[in-house]
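Order of listing sets the numbers, starting from 1, for every ligand and every atom in it. We number each residue from 1, following the sequence as shown.
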Amino acid sequence: MIIAPSLLAADFGNFAKDTARASKSCAEWLHLDIMDGHFVPNISFGPQVVKALRPLTKLVFDVHLMCSKPKILLEPFAKAGADMITIHVELGDAVMPLIWEIKKLGKKVGLCVNPPTDISLVKPYLNRIDHLLVMTVNPGFGGQEFIYETLPKIQQVNAWRSERNLKYTIGVDGGVNFRTVSECARAGADVFVSGSALFAAHSLKQAVSKMRKIVLQNDPALADLKV
Ligand code: DX5
Ligand code: ZN
């Protein structure tokens, strides 16, 4: 399993400090939400910020592009230090060429699906991706409530993965906290993106360790532990 704290919930005045916190937390990835003010109604940060953070940590940089025109951004984020670049299946015909472009840049490929989007849309790409990210809130903002109706999507992509013996990881993103994480794990997720639940904790390290315990011991009661 992989825990990916989302920098969207960090202190925007002190990304360096919070990146260092995440780095020392025993999380595996750092989730970097890129919003263009068009694909989603919010703007976050760009490749310059990612480049500035790259030397501060060895965490895998998981760049989630919530952008209408990701083509022009792939190379800048690749050069800035992304290890994986995730694009949205809602981009339709643009998806296949984007997947090839990301591969050409030598980066891992992620594909993301929004809550209202039919999960069957990801099917043609499953043998070409490294990571399938299921949005469990409507993208754009941190701190939203988990949408339980997305759980069958996780089950479905998990079933497709075993049926076809594929290797992509399954991530969940949005509203993932110490309570919702158990259901995500039971549905088949193995990558847990979490922003506000982790960064709100006094100790990010203990919060990451608590989330890991809840998943590994399959014990939702651990959610009540103080961190
Ligand atoms: C939402 C972003 C998420 C966000 C999750 O659009 O894609 O990565 O940071 O934040 P929480 O965990 O606070 O819902
Ligand atoms: Zn995200």
Practice item. Give the atoms of ligand 1, by number and element, whose distance to some non-hydrogen atom of G143 is under 4.0 Å. Key: 11 (P), 13 (O), 14 (O)
Check your understanding: Where the side chain of D62 meets the backbone of L32, is there a donor-acceptor pair that is under 3.5 Å apart?
Key -> no
Check your understanding: So, the side chain of N177 versus the backbone of R179: is there a donor-acceptor pair under 3.5 Å, distance only?
Key -> yes
Practice item. Please indicate whether Q217 has more than 12 foreign heavy atoms, meaning atoms of other residues, nucleotides or ligands, lying under 6.0 Å from its CD. Key: yes
Check your understanding: What are the atoms of ligand 1, with element, lying closer than 4.0 Å to any heavy atom of H31?
Key -> 8 (O)
Study note, to complete from the structure: Looking at A197, S196, G195, A4, the heavy atom closest to atom 13 (O) of ligand 1 belongs to S196
Exercise for review: Keeping the roles fixed (side chain from T136, backbone from F146), state whether a donor-acceptor pair exists under 3.5 Å.
Suggested key: no
Exercise for review: Decide salt bridge (Lys or Arg N to Asp or Glu O under 4.0 Å) for K103 and D130; before the verdict, give the C-alpha distance in whole Å, the side-chain angles of both, and the deciding distance to 0.1 Å.
Suggested key: CA-CA 10 Å; K103 282 186 196 285; D130 300 290; 5.1 Å; no
Practice item. Closest by any non-hydrogen atom to atom 14 (O) of ligand 1: pick that one out of G175, S44, C112. Key: G175
Practice item. Specify which N/O/S atom of D173 comes nearest to the Zn ion (ligand 2), by atom name. Key: OD2
Check your understanding: Can you check whether N138 has an N/O within less than 3.5 Å of an N/O in ligand 1?
Key -> no
Check your understanding: Is the closest heavy atom of F146 to ligand 1 under 4.0 Å?
Key -> no
Revision key, fill the gap. min-distance N/O/S atom, H64 vs the Zn ion (ligand 2), resolves to ND1
Point to revise | F61 and F77 aromatic centres sub-6.0 Å | key: no
Exercise for review: Report, rounded to 10°, the angle at the Zn ion (ligand 2) between the two atoms NE2 (H31) and OD1 (D33).
Suggested key: 90°
Point to revise | C112 N/O/S atom closer than 2.8 Å to the Zn ion (ligand 2) | key: no
Review point. Does R212 pair with E28 as a salt bridge, N-O distance under 4.0 Å?
Key: yes
Review point. Can an N or O of S6 be found at a distance shorter than 3.5 Å from an N or O of ligand 1?
Key: yes
